[in-house]
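Working notes, beginning with the structure itself.
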Amino acid sequence: MSDERPEFAFINWIARQSGSRTEVQLGIGDDAAVLSSGGKDWVVTKDVITAGVHFDAKTPLALVGRKALAVNISDLAAMAAQPCAAFIGIVLPKSMTRSAAEELYRGLQQLASEWDICIGGGDTNSWDGPLVVSVTLLGLVESGQAVRRDGAQPDDWIFVTGPLGGSLESGRHLTFTPRIREAETLKQAVTLHAMLDLSDGLGSDLFHLLDRSGVGAILNADSIPIHPDVSKTLPSAARLQHALSDGEDFELLFTVSAADGQRLIERPPPGVELFRIGEITAAPGASLVVDGEEQTLPRSGWSHGFGQTAID
Ligand SMILES: Nc1ncnc2c1ncn2[C@@H]1O[C@H](COP(=O)(O)OP(=O)(O)O)[C@@H](O)[C@H]1O
Ligand SMILES: Cc1ncc(C[n+]2csc(CCOP(=O)(O)OP(=O)(O)O)c2C)c(N)n1
Ligand SMILES: [Mg+2]
């Protein structure tokens with residue numbers, strides 16, 4: 001007879017629908033999972049989402065589960081890898097019911113099956129704090145083919161795969177489709193020099209790519225695609241600011257040689273939206289051309305602040 005106390009009953013319920021993959025030789029039920037790669041490279045990512053920070057009390061729990069996995073799939077898209085197995089850590093508020101916990105998991109499980117992801121394991125805790133979901137996601141890529149942040153080169157063209165801004169107000173941050181297919185299509189079409197996904201906002205994430213690559217960038221304000229979710233009644237400078245700093249767009253930003261960039265513009269690969277927003281420069285720093293005038297692009301966007309007030 002299996003252990004029917006809440007934690008173990010819930011884990012048994014999860015195990016019955018965890019999916020399977022040949023790479024996952026041993027999944028839920030032992031002290032650890034066993035995976036084999038078949039000669040490819042593993043690409044491993046982790047993102048945590050927290051009540052009050054990434055979703056609020058009104059967010060349907062199925063969408064919370066969905067988002068916890070989707071943000072990680074987006075990180076694998078940014079590396080041009082294919083998702084394979086997920087490990088789910090959940091810290092439930094003690095007041096949460098079993099059916100609420102199941103709803104959370106259903107949202108997660110549904111997205112997992114859409115992307116053929118096997119849930120290989122995880123951990124379940126409960127406490128007197130808010131809901132926290134932490135996902136570790138493993139993906140696969142042909143050896144040496146992961147696309148990194150540090151490969152941008154001077155004169156590269158910079159592209160994004162979709163319009164930016166307004167994702168929180170519209171709820172898009174809960175329902176977006178990770179750009180796995182787009183990354184795969186682009187990887188087939190051109191040589192991707194550097195890539196990342198836009199989670200904190202263009203005005204923040206661009207700098208991560210520039211810093212890692214040791215280059216700078218010049219962006220054209222008129223070319224930055226502003227999402228229809230950003231209110232049309234705002235002045236254009238405010239709309240641009242939303243596109244730069246709202247975050248959670250989960251579009252890809254990538255750089256390619258000018259020749260490859262030209263190719264993408266002339267023959268856009270099917271199923272990929274593309275916006276050319278600027279160029280990489282040898283000189284560090286980022287600037288923005290607004291009405292023909294070059295301005296410094298300040299770092300903006302989201303970052304998790306802490307340690308500012310001495311209460312420890
Ligand atoms: N607490 C942590 N311990 C170890 N590595 C971390 C921690 N937090 C973030 N990282 C690492 O720092 C890098 C940047 O993280 P992050 O800004 O969260 O990236 P992303 O936007 O892709 O999720 C990643 O390599 C991530 O694995
Ligand atoms: C309740 C709530 N407040 C604010 C936001 C907006 N927001 C939360 S986290 C975030 C940035 C991305 O999160 P992070 O944990 O930094 O992701 P990572 O860069 O690690 O992928 C944004 C824009 C939200 N989605 N929900
Ligand atoms: Mg992260």
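In this text, all values refer to a predicted model and were calculated from it rather than measured experimentally. Counting begins at 1 with the first residue of the sequence. For ligands, and for the atoms within them, numbers begin at 1 and follow the listed sequence.
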Full working for side chain to side chain contact (heavy atoms under 4.5 Å, CB included) between M96 and L61:
CA-CA 11 Å; M96 188 177 275; L61 286 165; 4.0 Å; yes
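- In this structure, the protein non-hydrogen atom closest to atom 25 (N) of ligand 2 is E248 OE1, 2.5 Å.
- Taking distance alone, with nitrogen or oxygen atoms compared against 3.5 Å, H54 approaches ligand 2 more closely than that limit.
- Remark: Q25 CD is packed, more than 12 non-hydrogen atoms of other residues, nucleotides or ligands lying under 6.0 Å away.
- Close approach of ligand 2 to K67 (heavy-atom distance below 4.0 Å) involves ligand atoms 25 (N).
- In this structure, V160 is a member of the same hydrophobic cluster as I158, with clusters built from ILVMFWY side-chain heavy atoms closer than 4.5 Å.
- Ligand 2 is never approached by D205 to a heavy-atom distance shorter than 4.0 Å.
- Atom-to-atom distance recorded for I90:CD1 and T124:OG1 is 4.0 Å, nearest 0.5 angstrom.
- For the atom pair CD1 of I119 and CG of L137, the computed distance is 10.0 Å after rounding to the nearest 0.5 Å.
- Residue-environment remark: CG (D56) exceeds the threshold of 12 foreign heavy atoms within 6.0 Å.
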Result block: side-chain N/O donor-acceptor pairs under 3.5 angstrom for residues 271-287, not counting sequence neighbours:
from	atom 1	to	atom 2	distance (Å)
R276	NH2	E279	OE2	2.8
T281	OG1	G216	O	3.4
T281	OG1	A217	N	3.3
T281	OG1	A283	O	2.8
S287	OG	E294	OE2	3.0

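- Within the listing of ligand 2, atoms 4 (C), 5 (C), 24 (C), 25 (N), 26 (N) sit less than 4.0 angstrom from a heavy atom of L168.
- With a cut-off of 2.8 Å, the Mg ion (ligand 3) has an N, O or S atom of D47 in range.
- Below 30°, between 30° and 60°, or above 60°: for W13 and F10 the angle between ring planes is below 30°, a parallel geometry.
- Ranking protein heavy atoms by distance to atom 14 (P) of ligand 2, first place goes to H304 NE2, 3.3 Å.
- Under a hydrophobic clustering in which Ile, Leu, Val, Met, Phe, Trp and Tyr are joined whenever their side-chain heavy atoms come within less than 4.5 Å, directly or via other members, I224 and L252 fall into different clusters.
- Residue, atom and distance of the protein heavy atom nearest to atom 20 (O) of ligand 2 are D47 OD1, 3.0 Å.
- Distance from atom 1 (C) of ligand 2 to its nearest protein heavy atom, with residue and atom name: F55 O, 3.5 Å.
- On a distance-only criterion, D56 and ligand 2 share no N/O pair closer than 3.5 Å.
- Here the heavy atom of the protein found nearest to atom 12 (C) of ligand 2 is D200 OD1, 3.3 Å.
- A continuous path of ILVMFWY side-chain contacts below 4.5 Å connects I117 to V64, so both sit in one hydrophobic cluster.
- Contact between D229 and S170 at its shortest, heavy atoms only, is OD2-OG, 2.8 Å.
- In this structure, D116 and R21 approach most closely via the heavy-atom pair O-NH1, 2.9 Å.
- Ion pairing between E142 and K187 fails under the 4.0 Å rule for side-chain N and carboxylate O.
- Contact analysis leaves H208 out of contact with ligand 2, as no non-hydrogen atom separation drops below 4.0 angstrom.
- Atom 19 (O) of ligand 2 has S199 OG, 2.7 Å as its closest protein atom, hydrogens excluded (heavy atom only).
- With respect to atom 23 (C) of ligand 2, the closest heavy atom belonging to the protein is D246 O, 3.1 Å.
- Interatomic distance, F250 CZ to R172 CZ, rounded to the nearest 0.5 Å: 10.0 Å.
- Polar contact check, D75 against ligand 2: no nitrogen or oxygen pair lies under 3.5 Å apart.
- The closest approach between any non-hydrogen atom of V53 and ligand 2 is below 4.0 Å.
- Protein residues with any heavy atom under 4.0 Å from ligand 1: D47, D75, R149, S199.
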